[in-house]
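Working notes, beginning with the structure itself.
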Amino acid sequence: MRTRSAISWLLGACLLIAPAACSSRGDADTGPILIGVVAPFASTPGEGIRNGVAMAVAEINAAGGVGGRQLKVVEFDDQFNSAKAVEGYQYLAGSQRVAAVIGFAGSGIFAAMEQMSRFGVPIICTGVGADRITEMVKEDSAKYGRTFRVMHRSSELADVSADFIRGFLIGELQLSRFGIMVEDDIWTKYLSEQWRATIKEAGGTVVFDDAFSTQTTDFAAMLSRARAAGAEYILDASSRVSSGQYLKRWAEQKSQLIGAVPTGAGTKVYFDEIGAAGTGVTSVGTIPSESNPLTPRAGEWNRKYTAAYGDPEYSSAYSYDAVYLLRAALDSAAASDPAALTKALEKVDVEGVVGRYVFDADHHPRYGEGYRVINMIQYQLPDANGYRVVWPKSRATAPYIFPEWYTGAARTRLQGIPRS
């Protein structure tokens with residue numbers, strides 16, 4: 001009898017305890033909704049993730065939160081380390097019981113995705129462009145289908161810059177000899193492969209092709225080799241390495257044109273270091289601003305962000321938009337249960353500051369007119385906002401310019417080309 005009574009007491013206690021334990025993510029809970037953030041905070045993309053999330057959370061909380069509940073951020077610094085990225089996801093999804101984890105800016109995202117079938121908490125990636133993420137979701141949705149990406153992917157950057165190579169650099173400037181200089185990382189593979197193919201198809205030649213490690217600090221020798229090879233234009237790509245490190249050397253050498261995906265170029269820090277000598281550099285334009293009007297809200301958002309945190313990073317606006325997508329999903333699901341939240345995220349249709357977000361089956365947001373677009377911009381004035389859209393022609397706000405020191409034949413050719 002004593003044993004049966006004990007069992008009955010335990011069962012009764014479990015019935016009382018279990019609903020409370022299970023409601024920490026459910027609609028019965030009136031406490032804050034926890035949002036996890038994993039990022040390498042002592043880095044350019046990491047700070048962008050942290051600040052973008054913080055800005056959106058502050059706005060949402062000031063407006064009353066989500067269903068009357070405030071959002072609360074719990075952070076974990078993964079330091080660009082895969083093991084720490086896994087530890088961060090496990091900590092946030094397990095003991096902290098967050099609704100979702102936003103961020104990731106390195107290859108640690110892939111290791112973290114392996115833990116999703118165990119924890120089930122959605123990941124909203126805002127700092128990694130590698131196409132492999134959405135390929136994994138498409139190949140095994142049961143295992144990886146709670147991963148969403150709220151940013152561009154490398155192949156989109158490759159397509160935009162390849163169109164610029166084909167249509168403008170080769171088609172209008174009639175350049176034919178190219179150098180490729182990229183950070184050694186998985187995301188740059190898509191870029192360099194597409195660039196090589198585009199240049200070959202358009203009748204050009206790659207005369208210099210090299211990659212640099214994330215520890216590289218002196219780029220003088222690499223740029224000199226590109227010049228010795230006869231490169232007329234250098235296609236560059238960097239993420240963890242600030243482009244200011246090699247663009248300063250480029251400005252000093254004054255040999256060839258440059259630009260493609262140089263992270264950090266055009267920011268206030270970049271121009272404080274390089275000044276007017278840094279004008280003429282082209283870049284993909286993924287950061288919304290008055291000079292890169294990706295949406296009607298771009299200018300206002302950029303001004304508010306800059307006033308609060310300084311220069312936006314490539315991950316800033318994406319992380320900001322990710323929080324609003326999560327809010328929409330939380331509203332729709334009326335709960336922060338991971339399974340319900342995942343289904344709600346799949347159905348969101350939200351106008352962000354970068355563009356309109358609607359997820360395809362691989363959980364990547366649609367790209368193209370009416371959704372998200374990417375421009376090619378050029379830094380034309382020695383100012384943090386001194387860049388203008390130069391490609392495609394349909395969205396251009398200014399003509400392409402050359403650095404003052406450039407005397408190549410392309411300058412003469414461009415003068416004879418009418419701009420539509």
Side-chain angles (χ1 to χ4, degrees), residues 18-19 21-38 53 56-57 60 65-74 89-90 92-94 96-104 109-110 112-126 128 131-151 153 318-352 354-367 370-372:
C22 292
S23 68
S24 62
R25 289 195 184 105
D27 16 354
D29 195 346
T30 57
I33 299 173
L34 302 184
I35 299 175
V37 175
V38 174
V53 169
V57 166
I60 292 169
V66 180
R69 298 170 64 184
Q70 295 283 284
L71 300 179
K72 182 179 178 181
V73 176
V74 185
Y89 177 75
Q90 291 175 329
L92 295 169
Q96 294 300 300
R97 297 181 63 79
V98 299
V101 178
I102 295 174
F104 295 98
I109 179 69
F110 300 105
M113 286 172 68
E114 297 296 337
Q115 302 297 313
M116 257 192 299
S117 57
R118 175 184 173 191
F119 292 95
V121 172
I123 290 175
I124 305 177
C125 177
T126 60
V128 183
D131 281 51
R132 183 58 188 154
I133 293 173
T134 40
E135 290 170 0
M136 289 169 68
V137 173
K138 187 175 181 179
E139 291 166 4
D140 193 342
S141 60
K143 187 174 183 180
Y144 305 117
R146 295 190 180 185
T147 303
F148 297 80
R149 177 168 24 212
V150 178
M151 68 168 291
R153 55 186 173 197
Y318 290 127
S319 300
Y320 174 90
D321 281 347
V323 178
Y324 276 94
L325 265 70
L326 181 58
R327 183 189 72 167
L330 287 165
D331 279 337
S332 175
S336 50
D337 170 71
L341 192 56
T342 299
K343 291 181 179 179
L345 280 167
E346 290 176 335
K347 298 176 182 178
V348 296
D349 188 340
V350 174
E351 292 284 352
V354 175
R356 177 185 171 197
Y357 291 92
V358 175
F359 288 110
D360 284 323
D362 60 2
H363 292 179
H364 184 71
R366 291 178 188 173
Y367 175 77
Y371 295 97
R372 295 176 304 111

Dump the intermediate steps for side-chain contact (heavy atoms from CB on, under 4.5 Å) on Val348 and Leu326, then the final yes or no. CA-CA 9 Å; Val348 296; Leu326 181 58; over 6 Å; no
Taking atom [atom1] of [X] and atom [atom2] of [Y], what is their separation to the nearest 0.5 Å?
X      : Y      : atom1 : atom2 : value
Ser332 : Leu345 : OG    : CG    : 9.0 Å
Thr126 : Ile109 : OG1   : CD1   : 9.0 Å
Arg366 : Arg356 : CZ    : CZ    : 7.5 Å
Met136 : Met116 : CE    : CE    : 7.5 Å
Leu341 : Ile124 : CG    : CD1   : 7.0 Å
Tyr371 : Asp349 : OH    : CG    : 7.0 Å

Pair His364, Asp131 - check side-chain contact (heavy atoms from CB on, under 4.5 Å), show working. CA-CA 10 Å; His364 184 71; Asp131 281 51; over 6 Å; no
How are the rings of Tyr89 and Phe119 set relative to one another: parallel (under 30°), tilted (30 to 60°) or perpendicular (over 60°)?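 Answer is perpendicular, since the angle exceeds 60°.
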Criterion side-chain contact (heavy atoms from CB on, under 4.5 Å) on Arg327 and Val323, from CA distance to verdict: CA-CA 6 Å; Arg327 183 189 72 167; Val323 178; 5.7 Å; no
Exercise: identify the closest heavy-atom pair between [X] and [Y]:
X      : Y      : value
Ala93  : Val121 : CB-CG2, 3.6 Å
Val354 : Asp321 : N-OD2, 3.1 Å
Gly67  : Asp331 : N-OD1, 4.2 Å
Pro122 : Ala99  : CD-O, 3.4 Å
Val137 : Ala361 : CG1-O, 4.3 Å

Spell out, as yes or no, whether a donor-acceptor pair under 3.5 Å connects the side chain of [X] to the backbone of [Y].
X      : Y      : value
Arg149 : Val128 : yes
His363 : Gly145 : yes
Thr342 : Pro338 : yes
Arg372 : Pro365 : yes
Arg69  : Gly31  : yes

Side chains of [X] and [Y]: closer than 4.5 Å at any heavy-atom pair?
X      : Y      : answer
Thr134 : Asp360 : no
Tyr367 : Arg153 : no
Ile123 : Arg146 : no

Will you find, in the side chains of Glu114 and Tyr144, an N or O donor that is under 3.5 Å from an N or O acceptor?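 On atom types as modelled, these side chains qualify, holding a pair under 3.5 Å.
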Are Lys138 and Glu135 close enough for a salt bridge, meaning some N to O gap below 4.0 Å?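 Glu135 and Lys138: not salt-bridged.
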Determine whether Leu325 and Phe359 satisfy the following criterion, side-chain contact (heavy atoms from CB on, under 4.5 Å), listing intermediate values before the conclusion. CA-CA 11 Å; Leu325 265 70; Phe359 288 110; 3.7 Å; yes
Given the options Leu34, Val73, Val37, Ile33, Val98 meets side chain to side chain contact (heavy atoms under 4.5 Å, CB included) only with Leu34
